[in-house]
Amino acid sequence: MSELLTASMTDLSPWLAIPVALLLVLGGLITLIGALGLLRLPNFFQRIHGPAVFITVGTGCFLIASMLYFSGTEERPVVHELLITAFVLLTAPVTSMLLMRAAVYRNLRARNARNGASSTDAYQFPDDE
Amino acid sequence: MRFWADQLILLPILLPLLFAALLVLLNGRRQQLKFAINLTGTLALLVTAIALFWLTDSEVWPNGVGAYLAANWVAPFGIVLVVDRLAALMLTLCAVIATAALVFSYRRWSRSGVHFHSLFQFLLAGINGAFITGDLFNLFVFFEIMLAASYGLLLLGLQPNRIRASMQYVVINLLASSFFLIGVALIYAAAGTLNMADLAVRAASMDDSERLLLEVGAAILAIAFLTKSAMWPLGFWLPTTYAAAAPPVGAMLVLMTKVGVYVLLRLWLLVFADQETSLQAISGTALVVAGLLTLAFGTIGLLGSQELGRMAGFSAIISSGTLLAAVGYGEQQVVSAALFYLLSSTLAVAAFMLLIELIERIRKPSAAMLALTMEAFAIDNDPEESAGVIIPAAMAFLGLAFVACALIIAGLPPLSGFVAKFTLFHALLNPAGMFIDNLYTAGPLAWTMLALIILSGLAAIISLMRFGVRTFWSTDATAPRLQLTEAMPVSLLLALCISMTVLAGPVSAYLDRTASALHQPSLYIDRVMSITAVPGVVINEGATP
Amino acid sequence: MKRWLPSPLLSAFLLLLWLMLNQSIEPAHLLLGAILAIAVPLLVAPLRPTPVRISRPFTIIRLIIYALIEIFRSCFNVCTLIVFGGGRLNSQFIRIPLDLRDPHGLAVLACIINSTPGTVWVEIIPGSNDLALHVFDLHDAHWWVNMIKTRLEKPLIDIFEQEAP
Amino acid sequence: MLLLILILTPFIGSFLAAFLPANARNREAWLAAAIALAGLIIIGIQFPQINNGEVLRYQLDWMPEYGLNLVLRMDGLAWLFSMLIIGIFLLVVVYARYYMSPEDPVPRFFSFLLAFMGSMLGIVLSGNLVQLVLFWELTSLSSFLLIGYWHHRAEARRGARMAFTVTATGGLCLLAGVLMLGHIIGSYDLDVVLASGETLREHAWYLPTLILIALGALTKSAQFPFHFWLPHAMAAPTPVSAYLHSATMVKAGIFLLMRLWPVLSGTPEWTWIIGGAGVCTLLIGSFIAIFQHDLKGLLAYSTISHLGLITALLGIGTPLAMVAAIFHTMNHATFKASLFMAVGIIDHESGTRDMRKLRGLYRMMPQTATLAIVASAAMAGVPFLNGFLSKEMFFAEALLVGSASNWWMPLAAVTMGVFSVAYSLRFIYVFFGRPATDLPKTPHEPPRWMRFPVEVLVLFCLIVGIVPSLSVGPLLHNGVEAVLGEKTPYYSLALWHGFNIPLLMSFVALGGGVLLYVILRTRFNLTYRDQVPLLYRFNGKQAYESTMLELRSSASRLEKLLGTRRLQPQLLLMILVGLGAAVAAAATAPQVWSALQPSDPHLPFTLLWIIGGGCAVAAAWQAKYHRLASLSLVGGAGLVVCLTFLWLSAPDLALTQLMVETVTTILILLGLRWLPPRILSIEQDRKENRRARARRMRDFIVAALAGLGMAAISYLVLMLPAGSGIGSFFLERALLEGGGSNVVNVLLVDFRSFDTLGEIAVLSIVALTVYGLLRRFRPAAESMSLPPQQTNFVDPAAQQPPAEQAQSGYLMVPGIYLRLLLPIILVCAVYFFMRGHNLPGGGFVAGLIFAVAIILQYMLAGTLWVESRLHLQPHRWLALGLILAVLTGLGALLLGYPFLTTHTAHIDLPVLGALHLPSAFFFDLGVFCVVVGSTMLILVALAHQSIRSHRLPLSAADVADSTDKEKH
Amino acid sequence: MTVVLALALGFAQLCVMLALAFCAIRLLLGPTAQDRILALDSLWMAAMLFILLLGIRFSSMVYFEAALVIALLGFVSSIALAKFLIRGEIIE
Amino acid sequence: MEAVIAIAIGVMFASGVWLILRPRTFQVIIGLLLISYAVNMFIFIMGRLSINKPPLTLDSPVEVGMFADPVTQALVLTAIVIGFATSALYLVLLLTSRGLTGTDHVDGKEPRQ
């Protein structure tokens with residue numbers, strides 16, 4: 001761990017450093033929890049919620065931290081991290097939608113093979129009227 | 001004069017690249033036009049090669065070594081292209097075989113693949129690049145160009161056996177390329193340079209650790225080249241590949257096997273020749289032994305095979321084995337003789353590859369027809385569209401050509417094969433020079449080699465004669481249809497062999513000069529290291545990131 | 001105008017993108033960015049068949065703020081559930097009947113829902129305009145339906161389907 | 001000069017003859033005869049000089065530095081042999097004109113014959129030993145063609161092959177011998193060689209040299225144990241046999257021995273090898289000859305035996321023996337040629353050569369019969385004929401050598417005499433007795449000119465036999481003198497030397513022969529014996545055939561043993577050899593392993609690589625049954641590699657790796673559809689036998705070793721300090737002289753732009769190859785049908801066409817994003833392209849990004865939809881990119897700089913400020929285009945397979961088994 | 001202040017590292033294909049975060065582009081894999 | 001760090017080697033990918049390891065020690081591209097082989113049992 005502390009970090013004014021540090025810690029925690037969810041949760045439909053946490057919030061925290069940090073070191077507003085946010089927002093839904101659909105219909109096809117489920121059985125809603 | 005002579009060095013790579021790109025653009029169905037362009041390119045290449053051949057043997061460049069700084073950066077930083085006698089010779093050989101293969105492909109093969117013409121030109125660019133580059137990594141790049149193009153050409157006209165052969169060929173070459181990279185990387189780690197001449201300079205003054213890296217790197221690198229030159233036990237892909245390849249491609253493959261040998265020769269003599277290290281002695285011996293094993297394997301294979309394509313493959317293995325052993329031997333006389341052998345055997349085996357298809361037409365008329373229709377199934381144009389004149393007395397021509405090839409491959413008189421073997425034997429027996437009697441100069445390895453070469457000649461006689469008798473003297477041989485475009489290339493290659501025989505004196509004198517230059521690496525090194533960049537490049541001072 | 005600038009919003013975004021990427025507003029970059037912002041949409045126009053119409057900028061801001069709050073709230077919930085939830089999760093699919101038809105509106109909705117931890121968009125159930133949604137820990141399905149229909153769908157309809165009858 | 005003409009004319013004639021029309025028997029014969037006559041005249045006018053003991057020499061430089069020149073040298077011996085060769089050739093030509101039937105392809109015959117004659121002349125006139133070998137092999141070759149002339153006959157083919165194999169092999173041995181000789185003596189020039197016999201005989205290599213040369217000579221002269229090829233060579237047309245087996249082919253070996261006699265002979269080894277072979281041959285040959293039924297067979301064995309006689313004489317090694325040898329060579333040529341021709345006439349006229357059928361020919365063809373009888377008498381050594389003289393000399397020499405210790409020598413000589421008389425009698429017997437009636441044709445006298453050559457030869461036999469010293473005395477003397485020089489002994493060629501033991505021996509032989517013949521005929525039923533007594537077990541032909549067969553099959557077996565046609569062993573070998581080479585090199589090199597110190601364990605990095613390594617290993621583990629998993633795992637490993645690059649200061653690499661990673665995944669996924677499903681079944685797994693497991697174990701060990709090697713060498717490199725490389729040069733100059741601050745990029749587009757040019761060439765090639773391959777690709781039958789995902793009833797989107805999916809199906813919402821992303825990604829591509837020279841990025845990354853953007857659209861809406869709206873034409877991109885790159889490079893030439901030299905244009909624009917436009921920019925643009933073109937070409941070509949394969953109608957059966965297949 | 005920041009950064013890095021590891025473990029374990037794809041996608045995202053942190057730690061904006069590329073194009077292989085699951089081929 | 005990366009290269013190389021010795025084409029292509037990763041890393045580390053020293057000489061004069069070796073990076077870049085191209089080629093080849101010979105065995109035919 002020692003080399004982590006010797007990182008070549010530029011000195012930052014406390015007004016920036018403290019929020020950056022907080023954001024980093026928060027982001028780290030959320031990321032860890034998200035990944036833990038992916039690892040620990042028992043089935044796919046639950047697991048997919050884990051990464052969703054860190055993809056949005058974790059990324060957000062780190063990006064803001066990064067923006068603040070570089071704005072401090074470069075002494076100008078650094079906002080290009082917003083692009084990453086934008087891109088993540090644009091791409092993440094696509095992946096999870098397709099994955100969910102793939103999972104749903106794979107399960108359905110498997111059930112179909114077992115006990116002849118049909119396309120209307122794709123979802124089991126809790127309170128289907 | 002010098003300026004334009006210098007630019008000429010570039011052409012063997014650039015011409016094919018440009019022509020290839022041009023041919024890609026013509027992705028229509030205008031076969032005739034594409035062929036014409038391709039032929040123009042190849043002939044231009046031939047002219048260039050001959051010009052370089054002449055230049056390297058004249059006084060235009062100091063010591064006949066022409067160097068070119070690509071991108072105007074001096075060695076060892078930029079990439080240097082170097083043409084010396086050996087490179088020019090190989091360039092010419094390549095251009096000749098390419099011309100023959102191309103003309104041969106006119107009737108049938110050039111139509112059987114979409115991008116035959118572009119790939120063909122790319123292949124030439126790769127081979128030529130490998131001959132003239134003076135940079136190890138650049139050599140890798142050109143090897144890859146060459147290999148990639150050869151994969152493409154090998155796969156012309158999808159047939160299961162071709163696919164199977166390619167599966168081997170491609171994977172083995174990919175692995176060999178990995179070895180190549182590992183070797184180059186280690187050499188870079190050891191010497192901190194990629195330029196071969198600079199490497200030679202630095203290799204002379206290395207500390208222990210660098211030496212270790214260099215030697216391991218060189219060993220791994222050597223495996224890559226040895227695989228390409230089909231050393232036993234790394235060369236089993238070769239007969240299969242040759243047997244499967246389309247004849248013009250096969251002819252080019254014959255040349256490509258020699259590229260491995262060429263590089264070994266170049267690096268070996270350039271970098272490792274002057275060093276009295278254990279590596280040199282051991283690996284020299286190892287190379288000779290490996291060459292001999294290859295030779296023996298080729299002999300056995302040749303004896304045992306029935307199929308013409310595989311026979312050609314084993315002939316190529318035999319010639320590789322001979323060359324490897326000769327390179328390992330390293331004496332100037334031997335190298336000179338080996339070069340003669342290289343020229344003669346390459347031309348002959350290439351001619352043989354081209355002949356195979358024609359001969360198959362005699363053998364199994366029905367099978368040949370079937371193959372033709374199978375091809376026709378997928379070919380754009382009608383393959384029977386008459387191209388050129390059908391030559392009379394096809395049978396006699398084929399017979400003569402076959403005999404000539406067989407004679408050269410077996411090393412029987414009167415053609416160049418005999419001269420080549422004679423010079424090789426002579427050099428082996430008199431390594432110290434002309435008839436200097438020294439019992440110990442010709443060691444047991446030389447004797448083994450001599451015996452093996454004789455045996456391989458014998459095997460070639462037996463095997464080829466068996467085949468020839470069965471084919472040409474069989475009762476159901478049918479006179480094949482043969483066109484001028486198919487007969488001409490074969491005749492061209494054989495005519496060259498014959499003229500090599502008649503002009504053996506001048507040719508071997510030239511090769512002696514080549515070999516002696518090779519044995520004076522300082523000529524090459526000095527030339528490469530001393531060439532200066534064209535001054536006055538705009539210095540970009542105002543550059544802002 | 002229409003011919004040279006098929007989608008002004010996109011062009012503006014691209015110019016912004018270019019400037020942010022280069023982190024500069026020098027004239028050279030502005031010029032280049034402008035060229036790109038005009039040229040690229042023209043080039044890709046054939047591949048983007050659906051036109052976009054947007055109105056009511058204030059609704060957009062309100063929506064964004066609400067979405068952000070929702071995201072953080074759910075994030076906290078989900079994190080708690082992952083860490084302390086153990087096996088007591090009630091993960092369910094729910095069906096939400098939608099009135100929103102505009103594909104772009106749906107897309108934004110999908111973005112918000114997926115960005116909100118704890119909910120994942122599955123698909124618009126074929127043959128209907130109902131959304132299948134997967135909820136991480138379901139307590140009350142109706143709450144979800146209401147929340148989405150009022151807080152998210154309504155503004156989106158306003159934004160994207162204003163001119164629609 | 002005349003000598004050169006002499007050598008060249010036959011070859012030129014051979015060439016001309018090949019082009020004469022097939023039915024022009026006369027013209028060809030005239031051509032051949034004219035050449036022969038010209039040759040005779042040329043030789044004739046040399047006689048005075050030769051008679052003066054001069055040696056004619058003509059030299060043409062060929063390969064002087066190898067001591068190989070074209071040297072023509074004529075001395076007495078060569079003169080004599082040339083005379084024989086051309087003289088008999090002339091007669092054979094006349095004879096052949098009548099012998100050959102009009103249906104035969106006569107031009108070829110004369111062409112080969114002329115070539116053969118030329119090569120034979122080449123041998124005798126060679127003044128250089130290597131040149132001699134060259135012509136030597138040429139005779140083997142042309143005789144091969146002559147023997148196989150009637151190649152539609154199996155025995156002709158076999159005979160030709162056998163003759164060629166044996167003689168050519170001998171030729172190779174001879175070559176080796178000559179090379180050694182040359183090495184010992186220091187020259188291949190005959191004059192030098194002949195003068196340095198002492199050097200040779202005292203040299204340590206004398207014995208191997210002798211053996212090799214002897215092998216050459218003995219095989220050619222059909223000496224024991226190589227004699228077996230000769231009888232089979234009788235399958236040739238009779239004129240050929242007459243020529244080859246009397247005066248030429250077989251005499252080449254004899255000639256060689258004579259030629260090198262001054263150098264090689266005079267040692268016990270010589271006597272034992274040459275003499276021994278000769279004696280064995282003469283006995284065996286003459287013995288077997290008796291039991292032949294074929295006339296030509298009899299003559300063949302008789303030839304063998306007479307050659308054995310000459311060889312034995314040479315082996316004896318005394319000067320007088322040499323005289324006898326030369327003399328007998330001439331005599332044998334004359335009588336044997338005439339006999340062969342006579343047999344040819346018999347064969348020609350009666351249609352058979354079987355002595356069991358032929359009877360009483362004397363009545364039908366009295367003149368021919370007389371000639372044949374005289375000739376065979378000469379063969380038997382009857383007085384007043386030439387054979388008698390030389391045989392008597394042989395007896396004399398045998399006696400001389402055969403003192404008390406070598407008592408067997410004269411005995412052998414006499415035995416041979418006895419046998420030869422016996423077989424001569426057997427031969428003559430066909431002319432007597434009751435005329436046969438069961439012959440295929442009714443024999444009668446041949447045309448006048450067909451008999452003429454026989455008459456001439458028989459006349460020679462008589463003249464030489466009666467007045468030897470007058471007729472051949474001077475010729476013989478010249479020949480002998482050429483060989484022996486000062487050692488030439490005194491000898492007399494008189495018919496009568498008084499009563500002496502040789503004469504006695506002659507008579508014993510004559511008498512014994514008659515007696516033997518009578519006994520054999522009456523007691524042993526000679527005529528009907530099928531096998532040669534005692535020696536029938538030794539069947540050379542059988543041995544040859546089985547050797548050849550065995551050679552082929554064992555070679556084939558050995559090849560399979562030593563080689564393989566399968567891929568896996570080859571790869572295994574490659575890795576093992578590579579490993580071995582590396583280890584060997586490391587072992588011989590200086591040892592620096594002590595430099596290795598443990599490095600500090602960097603925790604995050606370690607963790608990163610536990611992940612990476614785990615992914616790699618798992619990918620290897622899953623690749624067989626879970627392809628998708630394996631692919632994802634490789635993706636994971638790639639990602640870790642990418643992070644490592646980034647961590648270790650290589651952002652360019654990281655970017656490139658990321659993009660390549662993505663494209664590769666798409667690529668493999670595109671391909672995965674066409675691979676057969678591989679379903680893991682535990683049952684099958686259990687069945688896998690022990691061998692498979694052992695194989696896996698072995699591969700595992702090899703892989704582990706390879707990995708260990710790589711790790712070790714990597715570690716070593718890392719622990720050693722970096723030397724002074726070329727890197728700093730680039731760092732210092734990239735910005736100043738290369739005009740870019742991203743050194744890696746400047747390296748790629750400037751310093752080492754040549755590499756990049758090559759790299760884009762590789763990309764183009766691969767793309768073109770892939771396109772070519774896939775254009776005619778036919779997927780396997782079972783993968784033609786749609787994947788299970790598209791053939792079920794549960795998925796509502798199963799049968800939607802792709803455009804519909806994107807427009808209103810399940811892809812509608814994602815499609816919005818993907819379509820919006822397209823312009824964004826394109827702008828990013830431009831961004832990465834523009835900044836490449838100064839910051840991480842560049843044409844390659846930009847190209848890949850661009851291609852991915854397009855491919856996303858393909859994935860979204862299907863090939864047809866996209867291509868109906870976008871005409872990308874990847875070929876053009878590719879070609880134009882290449883051309884752009886090359887032309888940019890060539891632009892430098894216009895300014896007088898080398899290819900690819902970078903230039904920067906500085907343009908000052910109002911408002912915008914200074915603009916630096918390096919030519920590397922255009923080069924990079926070329927790279928970009930090529931990358932886009934080739935990536936698109938590859939991916940699209942693959943994607944097209946789906947629309948090309950048939951869309952099969954959905955069937956219930958498909959649905960039923962679709963679910964089983966869905967396991968990846 | 002630097003120490004605080006460095007500590008926070010170290011903590012964040014460790015967390016992301018562990019997240020990477022968790023994703024990788026899920027990638028290894030599966031059990032279904034969709035799990036693996038999800039894990040791979042998360043791995044990419046975590047890697048992006050990792051790169052961001054690396055950039056902060058080295059105070060360098062060079063690393064930004066790599067993160068940008070992942071953000072923009074990291075999803076491509078995931079959706080390709082997902083589409084493969086849905087349709088059995090990725091380009092129809 | 002050095003040891004880690006060395007072992008990493010070794011592991012990837014070993015996995016790749018093991019895979020290319022397998023009989024199925026898919027295994028081989030995955031193996032080739034892994035080998036090319038390993039080799040690329042290998043070339044890369046020949047310039048030794050350097051952290052946070054990307055070879056971007058943004059300002060002159062250049063302090064050489066502050067930058068990683070750019071040469072190996074350039075080499076790896078070329079090698080990555082070429083590796084990508086050749087694996088694409090092999091992939092298509094294996095598909096073709098599969099289509100034409102009906103098997104995904106590397107020899108184009110199933111081994112005799």
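All chains are named by letter (A, B, ...) in the order of the sequence lines, taking the proteins before the strands, and each is independently numbered beginning at 1.
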Proximity breakdown for [X] and chain B, heavy-atom pairs closer than 4.5 Å:
X        : value
D:Leu878 : side chain
D:Val886 : side chain
D:Asp61  : neither
D:Met180 : both
D:Leu576 : neither
D:Leu895 : neither
D:Arg566 : backbone
D:Ala892 : neither
D:Val583 : neither

Separation of [Y] [atom2] from [X] [atom1] (nearest 0.5 Å):
X        : Y        : atom1 : atom2 : result
D:Leu900 : B:Trp73  : CG    : CH2   : 12.5 Å
B:Tyr151 : D:Ile765 : OH    : CD1   : 10.5 Å
B:Leu428 : D:Leu179 : CG    : CG    : 9.5 Å
D:Leu768 : B:Ser118 : CG    : OG    : 5.5 Å
D:Leu562 : B:Leu293 : CG    : CG    : 9.0 Å
B:Trp473 : D:Arg161 : CH2   : CZ    : 10.0 Å

**OP:** Evaluate the ring pair (Phe, Tyr, Trp, His ring centres under 6.0 Å) criterion for residues B:His426 and D:Tyr188: first the C-alpha distance (whole Å), next the side-chain angles of each, then the deciding distance (0.1 Å), finally the verdict.
**Re:** CA-CA 11 Å; B:His426 181 90; D:Tyr188 300 120; 5.6 Å; yes
Heavy-atom proximity to chain D below 4.5 Å, by part of [X]:
X        : result
B:Ala190 : neither
B:Leu412 : side chain
B:Val507 : neither
B:Thr227 : side chain

Original post:
Between D:Tyr897 (side chain) and B:Ala71 (backbone), is there a donor-acceptor pair under 3.5 Å?
Top reply: no
Original post:
When you measure from the side chain of B:Trp237 to the backbone N and O of D:Gln570, does any donor-acceptor pair fall under 3.5 Å?
Top reply: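 No; zero donor-acceptor contacts below 3.5 Å.
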Any idea which of [options] has the most non-hydrogen atom pairs under 4.5 angstrom with chain B?
options                                : value
D:Val766, D:Val577, D:Leu882           : D:Val577
D:Met574, D:His837, D:Glu137           : D:Met574
D:Thr169, D:Leu571, D:Val717, D:Asp750 : D:Asp750
D:Leu558, D:Asn69, D:Leu145, D:Leu887  : D:Leu558

Subject >> D:Val130 vs B:Phe418 side-chain heavy atoms within contact, under 4.5 Å >> reply: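 They are in side-chain contact.
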Original post:
Do D:His875 and B:His115 have side-chain atoms, one donor and one acceptor, less than 3.5 Å apart?
Top reply: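 D:His875 vs B:His115: donor-acceptor pair found between side chains.
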Original post:
Between D:Glu65 and B:Ser508, is any side-chain donor less than 3.5 angstrom from a side-chain acceptor?
Top reply: yes
